[in-house]
Protein chains: 2
Amino acid sequence: MFMTALRELELRHLVTLDAVATEGTFGRAAERLGYTQSAISQQIAALERLVGEKVFDRPGGPRPVELTPFGDVVLRHGRELLSRADSMHDELDRFRNGGVGRLTVGTFQSVSSAVLPSLVRSMRARHPDLEIRGRESPDDHELNRLLAAGEVDVSFIGGAPASGFECRHLLDDPFVLLAQPGRFPDGPVSVSDLVGEPMIGQPPHSCQLLNEGSLRAAGCDPTYVFRSEDNGTVAAMVRSGMGVAILPFLCLEIEDPRLAFHRLEPVLPPREITIAWRAGRTLSPAAEEFIELASDVCSGLAATMSAFT
Amino acid sequence: MFMTALRELELRHLVTLDAVATEGTFGRAAERLGYTQSAISQQIAALERLVGEKVFDRPGGPRPVELTPFGDVVLRHGRELLSRADSMHDELDRFRNGGVGRLTVGTFQSVSSAVLPSLVRSMRARHPDLEIRGRESPDDHELNRLLAAGEVDVSFIGGAPASGFECRHLLDDPFVLLAQPGRFPDGPVSVSDLVGEPMIGQPPHSCQLLNEGSLRAAGCDPTYVFRSEDNGTVAAMVRSGMGVAILPFLCLEIEDPRLAFHRLEPVLPPREITIAWRAGRTLSPAAEEFIELASDVCSGLAATMSAFT
DNA sequence: TCATGAACATCAGATAGTCTGATGTTCATG
DNA sequence: CATGAACATCAGACTATCTGATGTTCATGA
């Protein structure tokens, strides 16, 4: 709760006080500030009315004015206020550029490992003073909640966002089959060949639901013998021969020789990776730029991916 | 030199921003601040014009407004500005009371030893946060110069101050004769008895000139065989029998049994101790109070002195 | 002693900003 | 679809501030 006594104080008054104290006379201060002497006289009078005491002694005649001890106190505080206002102005400018502030991003595992590293590196390189934070959750609903609550400014989402959000499509992430090498011949595997195959998957949320739905639609009602949140665990289970897995491409460690991956036929509808924000809310320039950069990085990623699949 | 861009910013705008951000709606902010909703709307619009961006997202309909990221930056800085303005207000109040600030006092040796200790103790007791400084000089001209230059706020002066100053009389400090015990019979000594007597004195400035002039006027043209700035040295020379000295009473260490002091007849015009400040200059409340206290302390001292002489 | 000029104060009028009160627009809710 | 909450806008009154002209004070120098 802020006081009421100086509510009518304007920065202009303090700028004038400073100018007069620096220049020594009302006239020169007027010249410096582009006012007339009369205006300065009236402004100082207004300031004195506001603070309740004379801030200058006017010796009269052709002698310059001089700060009173009281005026000196006002001036010292006034200069602090002005320099705070200046730094506010500077920071607003930098903020308009995306250069300062805090950007909190919602994300989930595969984006965190495949997209964020280079994206954050680019943002940091452009704006070293921007504070970038992340909140990771495997669950789209949770990410939507964080976004709605304003706990994150933007969030990657593995699918279409809930209503009340706007989003931008970044990437189609195809589902691929993960199996032991030799379990299937090289090349695409038909969904019908998976009927009855024990499967490893993630807990039933977000893209896992999408993928199970697609499989059923394609005529394969999968049986899950193991579910884990952790993609590494899923891969390990597949390596051990416990079953096969269908995962979005971005979840894979494609260099692992102990695993083979196959395209599926028919192709399942891919997981769509988007970045979302609250509808109607003004985004910070940093967030706007982040979205642009994310789009660029994902385009690059899409090109790399199409070389693999 | 302060920037120009936010010169039209008023603290009122920031108070309003804070109120709306806290209350959540323009209407409640209006109620809190005693305005109408329309006024709040216009003030926020003015603020947005000044900073160049929207500070609130207005979702429309019956939903409350919400800060934009930009508005959040403005608010954070604005609150700092407001709290600075508050602390300025507080300090001005304390200053009006004499409680803060710096008070620099010009002084000379006998005042420093006889008057200042208890005076400074009283001021400190009343105003623990007031910073009290002193500048000592044996020469009234130097003290006047310090005063004129504003290097001291008030100054004790051993006589009438130069023109351009106002002063307050504090004390009449009588000149007394200092001699070896037995050199003169107890009681008053006639000035005529000092003719031809070798004398010890101070260098020819300030009260020393006053005292020599008075002696000559009383028919005694003194011969100085030793001059020292330091009253201790003068006393030592008298003790050693080199001569006698005429000094203001306040310069004496009256407990020294190796020295006798005598009133003079006729009584020489006393040294007048005053406290001076620049004419026409507003004094700080602390300085005003210091002058009052000095006056009190010196009244007490005058009573003590009259018991001795 | 007096004219001069520097420096601040004051006044009147024009202008611009801000407040109030009434009215308009938007939109979630039932 | 009517209601009501919430912000925007508008007109009019009022106030503050600026300009330009004029007044007052006072150190200086002829």
Side-chain angles (χ1 to χ4, degrees), chain A residues 4 6-17 19-50 54-68 71 148 162-164 278-282, chain B residues 4 6-17 19-50 54-68 71 148 162-164 278-282:
Chain A
T4 159
L6 291 179
R7 221 190 263 178
E8 294 175 31
L9 186 63
E10 305 183 18
L11 294 187
R12 180 181 358 170
H13 294 136
L14 300 176
V15 171
T16 301
L17 174 65
V20 175
T22 306
E23 296 289 338
T25 76
F26 286 20
R28 279 200 299 281
E31 194 175 349
R32 186 211 282 193
L33 299 177
Y35 290 132
T36 60
Q37 173 260 314
S38 170
I40 300 299
S41 195
Q42 291 175 67
Q43 280 214 12
I44 295 297
L47 178 60
E48 289 174 334
R49 184 177 52 73
L50 285 170
K54 292 255 170 268
V55 296
F56 286 111
D57 279 315
R58 288 88 154 163
R63 286 166 300 179
V65 296
E66 218 172 344
L67 276 176
T68 61
S163 84
R278 275 189 285 178
R281 287 271 296 167
T282 305
Chain B
T4 158
L6 292 180
R7 222 192 262 178
E8 294 176 32
L9 186 62
E10 305 183 18
L11 294 187
R12 182 180 357 173
H13 295 136
L14 300 176
V15 171
T16 301
L17 173 64
V20 175
T22 306
E23 295 290 338
T25 76
F26 286 20
R28 277 199 300 279
E31 194 175 349
R32 187 212 283 193
L33 299 178
Y35 291 132
T36 59
Q37 173 261 315
S38 170
I40 301 298
S41 194
Q42 292 175 67
Q43 280 213 13
I44 295 296
L47 178 60
E48 289 174 333
R49 183 177 53 73
L50 285 170
K54 291 254 171 269
V55 296
F56 287 110
D57 279 316
R58 287 86 156 166
R63 285 167 301 179
V65 296
E66 217 172 345
L67 275 176
T68 61
S163 82
R278 277 190 284 178
R281 286 272 296 168
T282 303

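Below, read A as the first sequence line, B as the second, and so on, with proteins coming before strands; counting in each chain starts at 1.
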Peer 1: Could you tell me the separation between the CD1 atom of I40(B) and the P atom of dC19(C), rounded to a whole number of Å?
Peer 2: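 In whole Å, dC19(C) P lies 8 Å from I40(B) CD1.
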Peer 1: T25(B) near the nucleic acid: base, sugar-phosphate alone, or nothing, with a heavy-atom cut-off under 4.0 Å?
Peer 2: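 Sugar-phosphate contact only - T25(B) comes under 4.0 Å of backbone atoms but never of a base.
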Peer 1: Grab the CD-P distance between E31(B) and dA5(D) for me, whole Å please.
Peer 2: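 Computing the E31(B):CD to dA5(D):P distance gives 13 Å.
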Peer 1: Between dA6(C), dC19(C), dC7(D), which nucleotide has the shortest distance from any of its atoms to the side chain of P62(A)?
Peer 2: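 So the side chain of P62(A) is nearest to dA6(C).
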Peer 1: Supply the atom-to-atom distance E10(B) CD to H13(A) NE2, rounded to the nearest 0.5 angstrom.
Peer 2: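 Going from CD on E10(B) over to NE2 on H13(A), the span is 8.0 Å.
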Peer 1: Do F56(A) and T68(A) touch side chain to side chain, with heavy atoms closer than 4.5 Å?
Peer 2: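 No, too far: nothing below the 4.5 Å cut-off.
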Peer 1: Starting the side chain at C-beta, find the nucleotide from dT10(C), dC7(D), dT19(D) nearest to S41(B).
Peer 2: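 When the side chain of S41(B) is considered, dC7(D) is the closest of dT10(C), dC7(D), dT19(D).
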Peer 1: Could you work out which one of dC18(D), dC19(C), dA9(C) sits closest to the side chain of R58(A)?
Peer 2: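 Among dC18(D), dC19(C), dA9(C), the one nearest the side chain of R58(A) is dA9(C).
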Peer 1: Calculate the interatomic distance between L9(B) atom CG and dG17(C) atom P; express it in whole Å.
Peer 2: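 In whole Å, dG17(C) P and L9(B) CG are 15 Å from each other.
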Peer 1: Report the distance from atom CZ of R63(A) to atom C1' of dT25(D), rounded to the nearest whole Å.
Peer 2: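 Taking CZ of R63(A) and C1' of dT25(D), I get 9 Å after rounding.
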Peer 1: Kindly say whether, by distance alone, the side chain of S38(B) makes a donor-acceptor pair under 3.5 Å with the base of dG21(C)?
Peer 2: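 Side chain to base: pair present.
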Peer 1: Figure out the CD/P separation between E48(A) and dA9(C), and round it to whole Å.
Peer 2: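 Value for this atom pair: 8 Å.
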Peer 1: For E23(A), is the CD atom crowded, meaning more than 12 foreign heavy atoms sit under 6.0 Å from it?
Peer 2: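 For E23(A), atom CD is crowded (more than 12 foreign heavy atoms under 6.0 Å).
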Peer 1: Could you state the atom-to-atom distance from CG of L67(A) to P of dC8(C) in whole Å?
Peer 2: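 Checked: the CG to P distance equals 13 Å.
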Peer 1: Select base, sugar-phosphate, or nothing to describe what R49(B) touches, counting heavy atoms under 4.0 Å on all strands.
Peer 2: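 The answer is nothing, as R49(B) stays clear of every strand by at least 4.0 Å.
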Peer 1: Could you work out which one of dT18(C), dT19(D), dT17(D) sits closest to the side chain of R12(B)?
Peer 2: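 Closest nucleotide to the R12(B) side chain: dT18(C).
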Peer 1: Provide, to the nearest angstrom, the distance between the CD atom belonging to Q43(B) and the P atom belonging to dT20(C).
Peer 2: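 About 9 Å, once rounded to whole Å.
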Peer 1: Does the structure show a Watson-Crick or G-U wobble partner for dT26(C), both distances under 3.5 Å? Name it, or say none.
Peer 2: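 Answer to the pairing question: dA5(D), which forms a Watson-Crick or G-U pair with dT26(C).
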Peer 1: Scan every strand shown for a Watson-Crick or G-U wobble partner of dA11(D), both distances under 3.5 Å, and answer none if you come up empty.
Peer 2: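 WC or wobble partner is dT20(C).
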Peer 1: Write down the atom of L50(A), the atom of L9(A), and the distance for their closest heavy-atom approach.
Peer 2: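 Taking L50(A) first and L9(A) second, the nearest heavy atoms are CD1-CA, 3.8 Å.
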Peer 1: Looking across every strand, which nucleic acid part, if any, lies under 4.0 Å from Q37(A) by heavy atom: base, sugar-phosphate, or nothing?
Peer 2: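 Here Q37(A) touches the bases of the nucleic acid.
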Peer 1: Quick one: are L11(B) and R7(A) in side-chain contact, heavy atoms under 4.5 Å?
Peer 2: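 They are not in contact (no side-chain heavy atoms under 4.5 Å apart), so the answer is no.
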Peer 1: What is the distance, to the nearest angstrom, from the CG atom on D57(B) to the P atom on dA6(D)?
Peer 2: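 Rounded to the whole Å, the gap is 17 Å.
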